[in-house]
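Contents: one structure, followed by commentary.
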Amino acid sequence: DVKSPDFLKALTKPFTKVLVQLNKKVLNGWAQNLPEYENATTVLRTGCHQHTPGGPSCNYLFAYLGPEGVNIRESYIGVILLAISLCMLCGCLIGMVKILNALLGTKVKSVIENVINADIPIHGL
């Protein structure tokens, strides 16, 4: 049973680790409805400012925007991530259109002009 490689995960995982890291224990606790995670207020990885040897290292961009930093709400962090992802998506789409236009510009342009500007005979007028 051969599993195909997940190219999208290989491309996106390094970027997401740089931006945000989640506390998986809190997520699992919430999913299983465990009482010790009932009062957890954040899913971001915490403990960044404890500086203990062997402790958690929070080397991600939003570590200092969470409860141990500026303390903006997670919904605002989500809005910031959404804006970043939409800007990246638009940039990629514009880049793809520019590349395709550069590669296929004259051929596609002539085909579109022939199809759209063709005189379509309308019978009965």
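These figures come from a predicted structure and were not determined experimentally.
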Going hydrophobic residue to hydrophobic residue with side-chain gaps under 4.5 angstrom, can you get from Val18 over to Ile84? no
Under the side-chain contact (heavy atoms from CB on, under 4.5 Å) rule, collect the residues that match up with Leu27, sequence neighbours excluded. Leu22, Val43
List, by chain and then residue number, the residues other than Val79 in its hydrophobic cluster (Ile/Leu/Val/Met/Phe/Trp/Tyr, side-chain heavy atoms under 4.5 Å); write none if there are no others. none
Nearest-0.5 Å distance that lies between atom CG in Asn33 and atom CD in Glu38: 7.0 Å
Donor-acceptor pairs under 3.5 Å, side chain of residues 88-98 to any protein atom, not counting sequence neighbours: which ones?
none

Just how far is it from atom CG of Asn28 to atom CG of Asn23, taken to the nearest 0.5 Å? 9.5 Å
Who else is in the cluster with Leu86 when I, L, V, M, F, W and Y are joined by side-chain contacts under 4.5 Å? Leu82
Sequence neighbours excluded - side-chain hydrogen bond (donor to acceptor under 3.5 Å, both in side chains) pairs with any residue from residues 75-86: Arg73-Ser75
Taken to the nearest 0.5 Å, the spacing of Tyr37 OH from Lys25 NZ works out to 6.0 Å
Partner set under side-chain contact (heavy atoms from CB on, under 4.5 Å) for Asp6, not counting sequence neighbours: Leu8, Lys9
Rounded to the nearest 0.5 Å, what separation is found between the CZ atom of Phe15 and the OG1 atom of Thr12? 9.0 Å
Let me see the working for Ile72 and Ile80 under side chain to side chain contact (heavy atoms under 4.5 Å, CB included), right down to the final yes or no. CA-CA 11 Å; Ile72 64 172; Ile80 292 169; 4.1 Å; yes
